[in-house]
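See structure below.
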There are 2 protein chains.
Amino acid sequence: MSLNGLFPIEKWLFSTRSVLNMLNEQDYTFLIGRQNIEKYKKGEIVFKEGMVPSGIYYIHSGKVKKYKKGPTEKEQIIYVANKGELIGYHALLAEERHQDSAAVLEESSISFIPKEDFLEVLQRSPQFAISLLKALSHEFTVFANNISAFSDASAVERLAIALIVFREKSKIGLIEGQQIVIDISRSDLAAIVGIAKENVIRLLKEFKSEGIITTQGRKIWIQDIEKLVKRSNRN
Amino acid sequence: MSLNGLFPIEKWLFSTRSVLNMLNEQDYTFLIGRQNIEKYKKGEIVFKEGMVPSGIYYIHSGKVKKYKKGPTEKEQIIYVANKGELIGYHALLAEERHQDSAAVLEESSISFIPKEDFLEVLQRSPQFAISLLKALSHEFTVFANNISAFSDASAVERLAIALIVFREKSKIGLIEGQQIVIDISRSDLAAIVGIAKENVIRLLKEFKSEGIITTQGRKIWIQDIEKLVKRSNRN
DNA sequence: CGAAAAAAATGATAAAAGTCATTATTTGAC
DNA sequence: GTCAAATAATGACTTTTATCATTTTTTTCG
């Protein structure tokens, strides 16, 4: 079941994956081929807002949330990074402290790339810089969409979008034909959508009664993607 | 009256200004020194969502809003670009269509930089690319803050932030000691804050009664920045 | 300057989403 | 497998913000 023509998924997804693929084998190996992979358990923190960045991170497997806490301590998830993506490069490139925090959503393998190594490759490969520029610029599409959706879309619509996007992200690494399962806590889902946890639960219940999803514990299966797209109002 | 120590203004502002300043004189003149400046009247559109970018724009004077319209036609302003800034480069660098629209908020002088010229300078100056990377990365700080504020801050708080930030932007080009005036329509202010126009008016009335601002027509003068900062809850 | 148009302001009402208190279910560790 | 802790679910109620209809003020332009 594809989203082609159904939903503009490309406006809601991006990936730093392609950036690395343009590196030659030597540089690629230099950056992420080394065996400094670390395992993170669910909920563990990769970096925290305010920290001075000493390098960037590459996600070998798992999912990492980037989030911010406001004065009221309410957490807002800015982005969920996936297997194959880089995180932590914004602060490094901007030469400032981390402006958001990162924590893993599920057991993940992540390797650390020291600042010096990253900047070295950046200096010696102008094409890498341009490729990064392209990736960063595309990120804006997604962010602009998000900001726009916050004022234009209702809670249900944003939840529908979040489910569609998260499902897409959960496809990665799956075998063709395998059931896609969305495995995320109600709190995290609420923090992505920007609404209260209780509302997420109530709206999911609505989706269940409409036959759009089924759930079991925290797990969610999307049964009728077309109806969900309709509920998102972005088609 | 400075914001130093009062309010983290740097988290809400960025500028592509510095990017151009790192260019050598020759490249600088090549890009924006030429006499293809065009005047735009209030409300005129610079580019529209969906257009294929053929170049980028440099704002010699004036203010330009970047915005998106959602399915309900509600406009959300993503960013207000100022004198000295570049716009339209995201789509160009990402090699995609414009994902937002741009229109001038007040009479502006803008020059067009053809795609080829911009990319040429980018290719021949690796430092320019890295400088752009830095600028783009910093933009994320601002965007992330925005997204976080949307879920964490109330309407009044966001309005207070918007006024503080817009006031700061209106300082540019002013003579020291000159009164800062915020000159923006209630609709545009509402589109920045992401709330209904009527609410902007009601909240401004509240600010007036608290002695924080005075107004005359569309014009707003901030009389007590400290109280306003307090209302923003970000200090 | 004065009329028409645009924008700001106001008031009443409706809708959406948040909060709090509590119960039910699931998950994870021993 | 059982129990404790964590998380999901529910219901009543409050708060916030949007919407709509209308009046007043400001701006624009001949």
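Worth knowing before you read on, the calculation uses all heavy atoms, side chains too, and leaves out hydrogens, waters and symmetry mates. On a predicted model such as this, the values are computed, not experimentally measured, just so you know. In what follows, chains carry the letters A, B, and so on, assigned in the order in which the sequence lines appear, proteins first and then strands, with residues in each chain numbered from 1.
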Heavy-atom side-chain proximity of B/Lys42 to B/Glu107 below 4.5 angstrom: no
Nearest-nucleotide 5' precedence on DNA chain C, A/Lys74 against B/Thr215: B/Thr215
Would you classify [X] as touching base, sugar-phosphate or nothing, given that sugar-phosphate means primed atoms plus P, OP1 and OP2, and contacts are heavy atoms under 4.0 Å?
X        : result
B/Arg218 : sugar-phosphate
A/Ile195 : sugar-phosphate
A/Lys208 : sugar-phosphate

What is the distance, to the nearest angstrom, from the [atom1] atom on [X] to the [atom2] atom on [N]?
X        : N      : atom1 : atom2 : result
B/Ile201 : C/dA7  : CD1   : C1'   : 8 Å
B/Phe150 : C/dA16 : CZ    : P     : 19 Å
A/Glu198 : C/dT22 : CD    : P     : 14 Å
A/Lys219 : D/dA8  : NZ    : P     : 12 Å
B/Ile220 : D/dT26 : CD1   : P     : 14 Å
A/Gln216 : D/dT7  : CD    : C1'   : 15 Å
A/Leu203 : D/dT10 : CG    : P     : 12 Å
B/Arg202 : C/dA12 : CZ    : P     : 11 Å

Quick check on [N]: is either OP1 or OP2 less than 4.0 Å from any side-chain nitrogen or oxygen of [X]?
X        : N      : answer
A/Lys205 : D/dT10 : yes
A/Asn199 : C/dA17 : no
A/Lys197 : D/dT7  : no

B/Ser61 backbone acceptor or donor facing B/Ser109 side chain under 3.5 Å: no
Any donor-acceptor N/O pair, A/Arg158 side chain to A/Ala153 backbone, under 3.5 Å: yes
Carboxylate-amine/guanidinium proximity below 4.0 Å for A/Lys197 and A/Asp188: no
Pair A/Lys65 + A/Glu75: basic N to acidic O under 4.0 Å: yes
Side chain B/Arg186 and base C/dT10 donor-acceptor under 3.5 Å: no
